[in-house]
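Since the structure comes first, as structure tokens, the remarks are kept for the end.
Proteins come first, then strands; the chains are lettered A, B, ... in the order of their sequence lines, and each starts at number 1. Here the structure is a predicted model, which is why all the values come from computation and not from measurement.
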Amino acid sequence: MEKIRTLRGFRDIFGEELGKFKRIEQAFRKYSARFGFREIELPILEKTELFVRSIGDTTDIVEKEMFTFMDAGGDSLSMRPEATAGMVRSYLQEGLYATERMTKVCTIGPMFRHERPQKGRYRQFHQIDVEVFGVKEPLVDAELILLVRMLLDELEIRRYRIEVNSVGCKMCRESFRRILIDFFETRKDELCGDCLRRLEKNPLRIFDCKNQQCIGVTADSPLLFDSLCEECKDHFDLFRQYVAGFGVDIEVNKRLVRGLDYYTKTVFEITSDDLGAQKAFIAGGRYDNLVEEMGGPATAGIGFAVGVERLAMLLPPGEAEPGTECFFAGIGDRARDYLTTLLKRCLTEGIPLRYAYEAKSLKAQMRYADNLKCGFVLILGDDEIDRGTITLRDMTGKSQDELPLDADTIVNTLKKRLSGQAPALSTRDG
RNA sequence: GCGGCAGUAGCUCAACGGCGGAGCAUCGGAUUGUGGUUCCGAGGGUUGCGGGUUCAAGUCCCGUCUGCCGCCCCA
């Protein structure tokens, strides 16, 4: 029989990595709530058209990276490749624009893109997504930067860079697009193949090219940033001013562009050199036209997404907390009978009690208890039962004494010893 | 989608084209019922999968799947 394994780019997430996921979620929930974000769960499957209209039909994501298929009713469906499209759909469908003046929502969950996997890039990956609808003022742009900063501080991540830029409004972009194409047409012979393709599709992305010669060309090229309209320029200046007020360090990168069509004005990207090729782990920006383009009222929007797998790679390994569990080692049938009474009491009283299901030698049981890093072992054999006692061994202190064989006494003693043993339990965030 | 490297025990890796191994981990033992260190022992493999070359293939060739690195793209 051939073993069945996960699909390419799909993985089981467990153990240490899952622990990091949980820490990230916990830190995120703490701060998102503090900033006034409501959590929402969105469908994974949506009509393909949702993504085509929002992300853009010429983007790589939509052109070749979506898991798309026909359902039995003949509709074209797609697994969501990102969250913003669904957030906008939900905002409109639930009529939030009519019931509140401003909406802050967030979600967390799996996204799907049919890309070639490599480290930090999977076909099913997870994003934390944050969106604000109905605020055009740059104060909210800065607030999102502050949220990112507090989240990373909470997770004790220090080595990263926040790069920001403005890609202008529709008008800046339209007029600049022509200037840019005219410029690159004169230097066409110096551009790489990819960039020639970009020139047709999305000339702004030529600024992203890593080819030295292309970088040389763009060094001479006019920049969108320098031809922003007054409004966009003021918006960006205010944004920077507010960020400075929050005391967060950012770098303006006039070459920073985004791959999705809907971005306007503020865009940002948080990168780390500890990640390898896929080094952006948080990115986002403003999309002031998207809601209207999706059939809603003219509504400003801004948001960002966190790549959970990439962020998890930056986290230090979580420290284990040994010694917080107890083990029952029994010898003989009488001890085994007593286990059922004691086990139920312990589990009810909140004491994690471990034991071996099979009858094993005491030595083997002790080894098992040690392996499980149990702080205390209860030893019960015929000798103890005849005396009406039970032995309690402290595994770290290597000392042991006998208690009366009485469930109340045992439970109370264990509670006392465990809380004295592991003060970390009470200082740890729940 | 393109280019390159790799795949051997649960994990990390050895093995000139010639009997598939080690360390770690797991399990058991070291005189009566006491863990970690030490010593002894055991189990564990269709060498990713499928073809081909050869007297003989983990090893060479082709295909395929998967992972990794880079490109592309993006979080």
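In this structure, A:Lys360 reaches the B:rG28 phosphate: one of its side-chain N or O atoms is under 4.0 Å from OP1 or OP2. For B:rU34, neither phosphate oxygen OP1 nor OP2 lies less than 4.0 angstrom from any side-chain nitrogen or oxygen of A:Gln365. Not one side-chain nitrogen or oxygen of A:Arg116 sits closer than 4.0 Å to the OP1 or OP2 atom of B:rC69. Between A:Arg5 and B:rC49 there is no side-chain N or O to OP1 or OP2 distance below 4.0 Å. Under 4.0 angstrom from either OP1 or OP2 of B:rG36 there lies no side-chain N or O belonging to A:Asn371. Dashed line: the shortest gap from a side-chain N or O of A:Arg8 to OP1 or OP2 of B:rG67 is under 4.0 Å.
Put simply, CG on A:Leu315 is 21 Å from P on B:rA75, counting in whole angstrom units. Atom CD1 in A:Ile331 sits about 11 Å away from atom C1' in B:rU32, given to the nearest Å. Rounded to whole Å, the distance from NZ on A:Lys363 to P on B:rU31 is 8 Å. One interatomic measurement links the two molecules: CD of A:Gln278 to P of B:rA75, which rounds to 11 Å at whole-angstrom precision. Residue A:Gln400 contributes atom CD, which lies 11 Å from atom P of B:rG35 at whole-angstrom precision. In this entry the distance linking CE of A:Met366 with P of B:rG33 reads 14 Å, nearest Å. Distance NZ (A:Lys64) to C1' (B:rC73): 8 Å, rounded to an integer number of Å. Nucleotide B:rC5 holds its P atom 17 Å from the CD atom of A:Gln118, rounded to whole Å.
Residue contacts for A:Gly330: at a heavy-atom cut-off of 4.0 Å it reaches no nucleic acid atom on any strand shown. Within the nucleic acid shown, A:Gly120 comes within 4.0 Å of at least one base atom, counting heavy atoms only.
For A:Asp333, the CG atom counts as loosely surrounded, since its 6.0 Å shell holds 12 or fewer non-hydrogen atoms of other residues, nucleotides or ligands. Shown here is A:Glu41, whose CD atom has no more than 12 heavy atoms of other residues, nucleotides or ligands within 6.0 Å. Counted within 6.0 Å of CD on A:Glu49, heavy atoms from surrounding residues, nucleotides or ligands total 12 or fewer; the atom is thus considered open.
Base pairing annotation: B:rC16 forms no Watson-Crick or G-U wobble pair, as no partner gives both donor-acceptor distances under 3.5 Å. Pair check for B:rG44 finds none; no Watson-Crick or G-U wobble contact set falls under 3.5 Å. The partner of B:rU66 is B:rA6, by the rule that a Watson-Crick or G-U pair needs both atom distances under 3.5 Å.
In this structure, the aromatic ring of A:Tyr368 is not positioned over the six-membered ring of the base of B:rG35 within 5.5 Å between centres and 30° between planes.
For the pair A:Arg354 and A:Phe327, the cation-pi test (distance below 6.0 Å, angle within 45°) is failed.
Comment: A:Glu185 engages A:Lys188 in a salt bridge, judged by a side-chain N to carboxylate O separation of less than 4.0 angstrom.
Note: A:Phe225 and A:Phe236 have perpendicular aromatic rings, judged against thresholds of 30 and 60 degrees for the angle between ring planes.
Comparing B:rC68, B:rU34, B:rC73 by their closest approach to the side chain of A:Asp60 singles out B:rC73.
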